[in-house]
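Following: one structure in structure tokens, then a few remarks.
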Amino acid sequence: QVQLVESGGGLVQSGGSLRLSCVASGFTLDSWTIGWFRQAPGKEREGVSCISSKGGTTDYGDSVKGRFTISRDNAKNTAYLEMNSLKPEDSAVYYCARSHYFYRDPPKCPAEFFNSWGQGTQVTVSS
């Protein structure tokens, strides 16, 4: 069964850090682009970051550039999102998903091509 499971969310103060993990099962991660997305209550889903299948190329949303870092360990079938300098506006449910595509030009990781979404992990940043 193809599955992605996120973990690592929690409650953190503004300026703090969290590291999210996305563990894949039922398939081999190294053939897939992995994306992180988030959705806050009453807001549309937002693309946060994505990483190409071998990890050589990454992309970030403007709101997280310079603060978040995406990475992957294909040997562990796991992708990560390191989040630093967190702000209250980063509060959301964070999801990971997989895609066959990573384009050269923006949008590099269109959300409509992602599938096998995880159940999400809640991140809450207090002011």
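Keep in mind that what you see is a predicted model, and the values were worked out from it rather than measured. Along the sequence shown, residues carry numbers from 1.
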Between Glu6 and Thr121 the two heavy atoms that sit nearest each other are CB-CG2, 3.9 Å
Discussion item. Would the distance check show the side chain of Asp73 and the main-chain N or O of Thr78 forming a donor-acceptor pair, the cut-off being under 3.5 Å?
Written reply: no
So, Asn74 side chain and Ser53 main chain: donor-acceptor pair closer than 3.5 Å or not?
yes
### Task
Spell out, as yes or no, whether a donor-acceptor pair under 3.5 Å connects the side chain of Thr28 to the backbone of Asp30.
no
### Query
Looking only at atom types and distance, does a side-chain atom of Ser91 sit under 3.5 Å from a main-chain N or O of Val125, one as donor and one as acceptor?
yes
Could you walk me through whether Trp117 and Phe37 pass the ring pair (Phe, Tyr, Trp, His ring centres under 6.0 Å) test, one step at a time? CA-CA 10 Å; Trp117 295 79; Phe37 300 80; 4.7 Å; yes
- Message: Any non-hydrogen side-chain atom of Ser21 less than 4.5 Å from a side-chain atom of Tyr80?
- Response: yes
To the nearest 0.5 Å, atom OG of Ser14 lies from atom CD of Glu89 at 7.5 Å
* To do: Mark yes when over 12 heavy atoms from residues, nucleotides or ligands other than Phe27 sit less than 6.0 Å from its CZ; otherwise mark no.
  => yes
(Q) Check for me whether Arg45 meets the cation-pi criterion with Tyr95, that is, NZ or CZ under 6.0 Å from the six-membered ring centre and within 45 degrees of the ring axis. (A) no
Please list every donor-acceptor pair under 3.5 Å in which a side-chain atom of residues 102-110 meets a protein atom from a residue at least two apart or in another chain.
none

Distance col, row Ile34:CD1 vs Ser49:OG, nearest 0.5 angstrom, shows 11.5 Å
Look at the side-chain heavy atoms of Ile, Leu, Val, Met, Phe, Trp and Tyr, link any pair under 4.5 Å apart, and say whether Trp32 and Val2 land in one connected group.
yes
dist Ser127:OG -> Gln13:CD (nearest 0.5 Å) comes out at 9.5 Å
- Task: Report the relative orientation of the aromatic rings in Phe68 and Tyr94; use parallel for angles under 30°, tilted for 30 to 60°, perpendicular for over 60°.
- Result: tilted
Between Leu29 and Arg72 the two heavy atoms that sit nearest each other are O-NH2, 2.7 Å
Review point. Should the heavy atoms of other residues, nucleotides or ligands under 6.0 Å from NZ of Lys54 be counted, would the total exceed 12?
Key: yes
* With hydrophobic residues grouped by side-chain heavy-atom distances under 4.5 Å, do Val48 and Val93 end up in a single group? -> no
Nearest heavy-atom contact between Cys50 and Thr33 is CB-CG2, 4.4 Å
Smallest heavy-atom separation, His100 atom then Ser31 atom, equals ND1-O, 4.1 Å
When rounded to the nearest 0.5 Å, the distance separating CZ of Phe114 from CH2 of Trp36 is 12.0 Å
Of all heavy-atom pairs linking Met83 and Leu20, the shortest is CE-CG, 3.8 Å
Rounded to the nearest 0.5 angstrom, the SG-CD1 distance for Cys96 and Ile51 is 12.5 Å
Rounded to the nearest 0.5 Å, the OG atom of Ser7 sits from the CZ atom of Arg19 at a distance of 10.0 Å
So side-chain hydrogen bond (donor to acceptor under 3.5 Å, both in side chains) across residues 57-67, not counting sequence neighbours, yields Arg38-Ser63, Glu46-Ser63, Asp62-Lys65, Arg67-Asp90
All heavy atoms of Ala40 vs all of Ala92, minimum pair found to be N-CB, 3.8 Å
